[in-house]
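First up is the structure itself, then whatever we jot down about it.
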Amino acid sequence: MSKNTKQLVWFITGTSSGLGRELVKSAVARGDLVVATARSVEKIQDFKNLSNVRTLQLDVTDGLPSIKAKVDQAVGYFGRIDVLVNNAGQGYKTILEEGGSDVLREQFNVNFFGLMDVTNAVLPHMRTCRSGTIVHIGSRTSWTPETPGIGAYASSKAAVRVWAEALNAEVSQFGIRSLIVEPGAFRTHSMGAQWSEGTRITNYDEMRDTAKARLAAVEKTFRGDPAKAMELLVDVVRGEGKAAGKSWQLYLPIGGAATDAISGKATKMIEVVNEWRDVVASGLDIDG
């Protein structure tokens, strides 16, 4: 732990695998304290061997009253929460017309509304302390949702980004920082979710089969190391290591795939604005 930085208390959701599991290890290695949560606490039993970690069962879809009780319990472990990391999530794969609104609702219930409830349960504690950091784990897919099969997941992550931007404008007055993390192409073994086909539509058979094969194989091509990604995140939150001397920003894309996705979408939108500016930006005001 840096001599110039206090020991932080982290509350991390979704720590049974992937980025969440690596983040627990990275934070503990800096000397910080961690409340590690998961839907199945049995999957994080090994964390109980770490003196700086407390484990807690938490399903982010259980609703605000239940989540608030769990957060209050977590505050009792170390006296406060300095850093909330909204990492818990799932990725439903579907052709949007086939999955319909049922799949979208299920996807948003975990990735968006669950995240919102956890945040709203923690915010009163941070407002009381007039400090805190809220980390929202998004995804580069929110910038590149055009791949068939990932539309539901990408939509939920895009909603997370916009909601987090709006929330930041409201809570920064209380000394609370926000960070929207958008990783891309890391080997988190998160691509194995089953397809939700709902009502199969034969017109999509070829697209669906191609998408299934592509998504099943794509993670093998990912080069990103989740441990290195979370080491960088801890650097940024603590203002040390690779982040030393850097100003705090609302956004943290991680990985070349993420920076490419954001740059590509930004370039495309600027091209559209420039081509259509004379049509869409003038001559549309009320006459007189």
Side-chain angles (χ1 to χ4, degrees), residues 1-15 19-20 23-24 26-37 52-54 56 58 60 64-65 67-88 112-138 157 159-183 229-254:
M1 184 176 62
S2 169
K3 293 181 180 179
N4 298 317
T5 307
K6 72 174 184 179
Q7 186 180 49
L8 298 177
V9 178
W10 298 67
F11 183 93
I12 308 171
T13 66
T15 64
L19 297 175
L23 180 56
V24 171
S26 294
V28 168
R30 306 294 179 97
D32 287 343
L33 306 172
V34 176
V35 179
T37 80
N52 282 20
V53 178
R54 300 291 183 272
L56 183 67
L58 176 68
V60 301
L64 182 58
I67 294 171
K68 187 178 183 302
K70 294 292 181 70
V71 167
D72 291 346
Q73 180 180 344
V75 170
Y77 292 151
F78 300 119
R80 66 185 190 277
I81 294 174
D82 297 309
V83 186
L84 163 63
V85 182
N86 284 312
N87 174 69
F112 181 71
F113 293 112
L115 175 149
M116 181 187 299
D117 283 344
V118 173
T119 303
N120 286 343
V122 172
L123 274 172
H125 298 283
M126 290 187 172
R127 283 191 286 104
T128 297
C129 294
R130 285 299 192 268
S131 68
T133 300
I134 304 173
V135 178
H136 307 279
I137 304 296
K157 290 300 187 178
V160 166
R161 180 175 66 252
V162 176
W163 182 79
E165 289 172 328
L167 180 72
N168 179 64
E170 296 176 356
V171 303
S172 60
Q173 63 179 311
F174 307 119
I176 299 171
R177 307 183 303 177
S178 298
L179 186 65
I180 303 169
V181 179
E182 295 183 308
M230 293 301 95
E231 281 290 308
L232 174 59
L233 174 55
V234 176
D235 275 349
V236 171
V237 170
R238 294 180 60 81
E240 59 191 29
K242 292 183 177 180
K246 299 284 189 180
S247 62
W248 182 265
Q249 299 293 333
L250 177 58
Y251 309 97
L252 183 67
I254 301 183

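This structure is a prediction, so every number in the text was calculated from the model and none was measured.
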Taking Arg238 for its side chain and Asp235 for its backbone only, find out whether a donor-acceptor pair lies under 3.5 Å.
no
Going through the distances and angles, do Asp117 and Val60 end up as a side chain to side chain contact (heavy atoms under 4.5 Å, CB included)?
CA-CA 7 Å; Asp117 283 344; Val60 301; over 6 Å; no
Verify, without hydrogens or angle tests, whether Arg127 (side chain) and Val122 (backbone) share a donor-acceptor contact under 3.5 angstrom.
no
Checking Lys68 side chain against Val118 main chain: does a donor-acceptor pair fall under 3.5 Å?
no
To the nearest 0.5 Å, what is the distance between CD1 (Ile134) and CG (Leu84)?
6.0 Å
Are Lys246 and Glu240 within salt-bridge range, i.e. N to O under 4.0 Å?
no
Does the side chain to side chain contact (heavy atoms under 4.5 Å, CB included) test come out yes or no for Phe174 and Met126, once each step is laid out?
CA-CA 8 Å; Phe174 307 119; Met126 290 187 172; over 6 Å; no
Which distance, rounded to the nearest 0.5 Å, do you find between the CD of Glu231 and the OG of Ser26?
3.5 Å
With distance as the sole test, does Asn87 use its side chain to make a donor-acceptor pair with the main-chain N or O of Gly14 at under 3.5 Å?
yes
Any side-chain heavy-atom pair from Leu123 and Leu167 closer than 4.5 angstrom?
yes
Residue pair Leu19 / Pro183, side-chain heavy-atom distance below 4.5 Å
yes
Set out, in order, the CA-CA distance, both residues' side-chain angles and the distance that settles side chain to side chain contact (heavy atoms under 4.5 Å, CB included) for Asn86 and Val135, then state yes or no.
CA-CA 6 Å; Asn86 284 312; Val135 178; over 6 Å; no
Are any of the side-chain nitrogens in Lys6 or Asp82 under 4.0 Å away from the carboxylate oxygens of its partner?
yes
When rounded to the nearest 0.5 angstrom, what is the spacing between CD1 in Ile81 and OG in Ser131?
11.5 Å
Side-chain touch Leu233/Leu179, heavy atoms, less than 4.5 angstrom:
yes
Quick one: does His125's side chain get under 4.5 Å of Phe11's, heavy atoms only?
no
For Trp10 and Leu23, indicate whether the former's side chain and the latter's backbone hold a donor-acceptor pair under 3.5 Å.
no
Using modelled atom types only, decide if a donor and an acceptor are shared between the side chain of Asn52 and the backbone of Val28 within a distance under 3.5 Å.
no
Checking Val85 against Thr13 for the side chain to side chain contact (heavy atoms under 4.5 Å, CB included) test, could you report, in this order, the C-alpha distance in whole Å, the side-chain angles of both residues, the deciding distance, and whether it holds?
CA-CA 6 Å; Val85 182; Thr13 66; over 6 Å; no
Taking atom CZ of Phe78 and atom CG of Leu33, what is their separation to the nearest 0.5 Å?
4.5 Å
Could you pull out the closest heavy-atom pair between Val53 and Val24, with the gap in Å?
CG2-CG1, 4.2 Å
For the backbone of Leu252 and the side chain of Glu182, can you confirm whether one donor and one acceptor N or O come within less than 3.5 Å of each other?
no
Backbone N or O of Arg177 within a donor-acceptor pair of the Thr133 side chain at under 3.5 Å?
no
For the side-chain contact (heavy atoms from CB on, under 4.5 Å) test, which of Leu250, Val181, Thr119 pairs with His136?
Thr119
